[in-house]
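Let me begin by presenting the structure, written as structure tokens, before commenting on it.
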Amino acid sequence: MRVGLDCKVVVLTGAGISAESGIKTFRASDGLWEEHRIEDVATPYAWQKNPQLVWDFYQKRRSQLLEVEPNPAHRALKRLEQYLGENFLLITQNVDDLHERAESENVIHMHGELRRLRCEGCGEVFEMMDKASLTEKFVECPSCGNSRLRPHIVWFHEMPLMMPEIYEAVENCDFFITIGTSGHVTPAADLIHIAKSCKATCVGINLEQPLNYDVHDIFHQGKAGEILPQLVEKWLSS
Ligand code: NAD
Ligand code: ZN
């Protein structure tokens, strides 16, 4: 496989790429995410029914970000971006900020970001990633002043972000690379079908065979932090 400077590469990452940094994946323990049922913490209904539980859950996830570091897989993607420049796009389902901390630049967080909050009233988005903002109480919108800020996270039953930009990039790429994603969550899991139908070469790296394993042209089974740095070096030197 030759990845030249003229190739367009789209990478889709999932929770598995952050596993070696110490952030638990979704399906690590019987469908529970950090000891919570998904329905209790990651749906609009959960936020309506028990906002304090949802707030506490995301504040814990945010404080965990202060304790973890990017791993070699995040850094390998930065290296690929440095080589390809504008021909590289990283789409992540992850809400952590490890790609940014590995200095990736062209990143779309299709499921939102832990380090941001959004006003329920006016919709404005705010950064909050210092220790001072890890409060136990809800934060009021500094802009309109009369609404609560909610996590800037795409919950189940909500629309992922920036889908037109994502579809355009996937339809036009030469290589579509999935890393650390189980292929269970749509529409992310369907992007590979679009890439394939547009004649992209589809490469996968995952600890286990994902649900859409058969669609990949090339599949590497194992840990992203071990496999990806070697693969990137190989692609860039061939
Ligand atoms: P998932 O949990 O459904 O699947 C993760 C996959 O990664 C699994 O198939 C697992 O075998 C694989 N994996 C585990 N360790 C790995 C490693 N070291 N190297 C390579 N692969 C490894 O994750 P998903 O497909 O991203 O879907 C889960 C949803 O949950 C996402 O939408 C995301 O928003 C959210 N989530 C995000 C984070 C995060 O931001 N880090 C963590 C948990 C869940
Ligand atoms: Zn507001």
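Numbering of ligands and ligand atoms starts at 1, following listing order.
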Point to revise | Y83 six-ring face occupied by R79 cation (under 6.0 Å, within 45°) | key: no

Quick test of your reading of the structure: of [options], whose heavy atom lies closest to [atom]?
{"atom": "atom 12 (C) of ligand 1", "options": "L12, N206, T25, T13", "answer": "N206"}
{"atom": "atom 11 (O) of ligand 1", "options": "K24, R61, E208, H99", "answer": "E208"}
{"atom": "atom 6 (C) of ligand 1", "options": "G180, G225, G22", "answer": "G180"}

Numbered atoms of ligand 1 (with element) below 4.0 Å of [X], judged on heavy atoms:
{"X": "A19", "answer": "15 (N)"}
{"X": "I23", "answer": "41 (N)"}
{"X": "L207", "answer": "11 (O), 13 (N), 14 (C), 15 (N), 16 (C), 20 (C), 21 (N), 22 (C)"}
{"X": "V95", "answer": "39 (C), 40 (O)"}
{"X": "G14", "answer": "26 (O)"}
{"X": "D96", "answer": "39 (C), 40 (O), 41 (N)"}
{"X": "V185", "answer": "27 (O)"}

**Study point:** Check: K8 side chain, D174 main-chain N or O, donor-acceptor pair, under 3.5 Å
**Key:** no

Exercise for review: Would you check if the side chain of E81 reaches a backbone N or O of N106 as a donor-acceptor pair within less than 3.5 Å?
Suggested key: yes

Check your understanding: Which is it for N94 and ligand 1 at heavy atoms under 4.0 Å: side chain, backbone, both or neither?
Key -> both

Review point. Of the backbone atoms (N, CA, C, O) and the side-chain heavy atoms from C-beta on, which set of A224 has a member under 4.0 Å from an atom of ligand 1: side chain, backbone, both, or neither?
Key: both

Practice item. Examine A15 against ligand 1 and note whether any of their N/O atoms are separated by less than 3.5 Å. Key: yes

Point to revise | ligand 1 N/O within reach of S182 N/O, cut-off under 3.5 Å | key: yes

Check your understanding: At the Zn ion (ligand 2), what angle lies between atom SG of C122 and atom SG of C144, rounded to 10 degrees?
Key -> 120°

Review point. At the Zn ion (ligand 2), what angle lies between atom SG of C119 and atom SG of C141, rounded to 10 degrees?
Key: 100°

Is a salt bridge present between [X] and [Y], judged by a nitrogen-to-oxygen distance below 4.0 Å?
{"X": "E127", "Y": "R116", "value": "yes"}
{"X": "K60", "Y": "E67", "value": "no"}
{"X": "K196", "Y": "D217", "value": "yes"}
{"X": "E140", "Y": "R148", "value": "no"}

Check your understanding: Which class fits the ring pair H74 and H99: parallel under 30°, tilted 30 to 60°, perpendicular over 60°?
Key -> perpendicular

Exercise for review: Could you label the plane-to-plane angle of the W47 and W155 rings as parallel, tilted or perpendicular, counting under 30° as parallel and over 60° as perpendicular?
Suggested key: tilted

Review point. Strictly under 4.0 Å, does any heavy atom of G222 approach an atom of ligand 1?
Key: yes

**Study point:** Contact with ligand 1 for E20, non-hydrogen, under 4.0 angstrom
**Key:** yes

Review point. Roughly how far, to the nearest 0.5 Å, is the CG atom of L77 from the CD1 atom of I179?
Key: 4.5 Å

**Study point:** Validation row: R62, D96 side chains within 4.5 angstrom (heavy atoms)
**Key:** no

